[in-house]
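We count ligands from 1, going down the list as the structure has it; atoms in each ligand are counted the same way. Being a predicted model, the structure only gives us computed values, none of them experimental. Computation of the quantities below employed the complete heavy-atom set of this structure, encompassing side-chain atoms and omitting hydrogens, waters and symmetry-equivalent molecules.
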Amino acid sequence: MEQLSTLKQIEQQCLMNTYARQPVVFTRGEGVYLYDTDDRRYLDMLAGIAVCGLGHAHPAITEAIHAGADTLLHVSNLYYTRPVMELAAELTRVAGMNRVFFCNSGAEANECALKIARKRGKEHSAHKTEIVCLRGGFHGRLFGSLSVTAQPKYQRPFEPLVPDVRVIDPNEIGELREAVTGRTCAVILEPMQGESGVHPVPVELIAEARRLCDRMEALLIFDEVQTGNGRTGSWYLWQQLGVQPDVLTTAKGLGSGLPIGACLAGPRAAEVLQPGDHGSTFAGGPLVAGAALATIHTIEAEGLCAHAAAVGNGILKTLRSWHGSAHGVTDVRGRGLMIGFDLDAPIARAVVSRALELGLVINATGDHTVRLLPPLILTAEQADEALTLLSQAIQDVRTPA
Ligand SMILES: *Cc1c(COP(=O)(O)O)cnc(C)c1O
C-alpha cells in the first residue's frame, strides 16, 4: 500500500491527467493471473484490454522477445529483416488478405486505411472523398481515426476534425443507403463495437455496406483492432460473418503486449500506396514482428480460436442465466471471449471496484455496462472461477454489508 501512495503522488505531479487508474500496483503476471506488490493474486479478465491473448509471460513470447533482444532491435524499414517478412506472409495468410502495412497501434492502422481510401477515391474523381462511419463506433484518438469516431465526448474538444465524414445509425439500413453515393470513398465500421460496450453491428447492415461499396466503387474497411487475432473465435470476425472487407485493420492482441498494428488490404486496395505515400520509423521492427509471429504460431498450434469460441459460449450461457435474477443483468452480448453485459442500475464502475477487491480484473465501458476480454488461454474452470467472483461482486454492490 505504501508503494501505491508514492506512485499516486508521482502521477498527480508528473503525468498528464488522461487516465482513471484503479488503486493497484501490478508487478508480474503468469498465465491468466496478475500479482500485486503484496503478491496477491488476481484473475485477469481484461488482458490489458484484449492485448495479452496468450496471458502473461507465455514462454513462446518470452522466447521470441529474448531472441530479438539478443540479435537486432531496430534497423528501420530501409532494410530487410527476416521476422518482418515472415510476419507479413503469416498475417496475410490467416487474415485472408493480400498485402499489409505495419504500424504501432490501432489508431495508426486506421489512419493508414483512411489514407488508402482517400487516395484511391481521388484517383477516380476529385469529389470522391466522403467516408461513412457508424454512430457509437471507436476507431482511435488521432485526428483521422477520431474524425470517424462518432461520439461527441471524444470529438467535441478537438474540432474542427477531418472533413467529409458522414455518420449513420448502425440500426438504420436506410441511412446507410442514403449516405453511400458516388462521392463515398469508404465505409468504415467495427463488425462488433467494442469501446461502446460490445455491440454487434447487424449483419444485414454489414452485407448491405458490402453491396453498396461494390456498386459505388468505395472501399469497405473493417476495424478489427479489438475483434481480431482470435478474440471472437476466428482469426478475424469477417470470417464468421461471410462478408469480406477490402481493408482490415488490427492491433491490440497481435503482439501479445508489444505495440504493433497492421492495415491489411485485399485486391481493390493493395496497390494504392506507393513509395513516399506512407511510412513509420519504428513500425514493424524485428523485435515486435518476432513477438507477433510467435503470437500467430501459438494461437494456431494451441487451437485458441476454437477454444475462445467454446469457453466464451460457456460464459455467455451463464451470464444469460442471470437474466431476471437478483443480479439485475438486462442484456448480454458478445462472441468468443469478447463479452459485454448491462446492469439495470448505474453500478458498473462500483462492480469493477468491488471485483478488484475480490481479486478479479474486469472493465466498465459505461455506468451500466461491464466488459470481459480475458486471455484466450482461459480454461473453462478459470471461467467458472471468474463468474463466481463476478456474481459475488455484483451481489455485494447491490446489497452493501
Ligand atoms: C482500441 C481500439 C482502437 C485504437 O487502438 P489504439 O492502439 O489505442 O490506438 C481502434 N479501434 C478499435 C475497434 C479499438 O478497439
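The protein heavy-atom contact nearest to atom 9 (O) of ligand 1 is Ala107 N, 2.8 Å. Scanning the protein for heavy atoms near atom 11 (N) of ligand 1, the closest one is Asp223 OD2, 2.7 Å.
At a threshold of 4.0 Å, the pair Lys128-Asp164 does not count as salt-bridged, since none of the basic side-chain nitrogens sits closer than that to a carboxylate oxygen. The pair Arg93-Glu300 meets the salt-bridge criterion, with a side-chain N (NZ, NE, NH1 or NH2) lying under 4.0 Å from an Asp/Glu carboxylate O.
Within the set Ile188, Thr227, Val225, the minimum heavy-atom distance to atom 3 (C) of ligand 1 is found for Val225. When the heavy-atom distances from atom 10 (C) of ligand 1 to His139, Glu190, Glu224 are ranked, the shortest goes to His139.
Contacts between Ala251 and ligand 1 below 4.0 angstrom, taking non-hydrogen atoms only, are absent altogether. Proximity of Lys252 to ligand 1, defined as any heavy-atom pair under 4.0 Å, is confined to the side chain (atoms from C-beta onward). Contact annotation: for Glu195 versus ligand 1, heavy atoms closer than 4.0 Å belong to the side chain alone.
The aromatic ring centres of Phe101 and His278 sit less than 6.0 Å apart.
Distance alone, capped at 3.5 Å, is enough to place a donor-acceptor pair between the Gln155 side chain and the Leu146 backbone.
In this structure, Arg41 forms no cation-pi arrangement with Tyr35, as its terminal cationic atom is not both closer than 6.0 Å to the ring centre and no more than 45° off the ring axis.
Closer than 4.0 Å to atom 7 (O) of ligand 1 lies at least one heavy atom of the protein.
Nearest heavy atoms, Ala69 versus Leu287: N-CD1, 3.7 Å.
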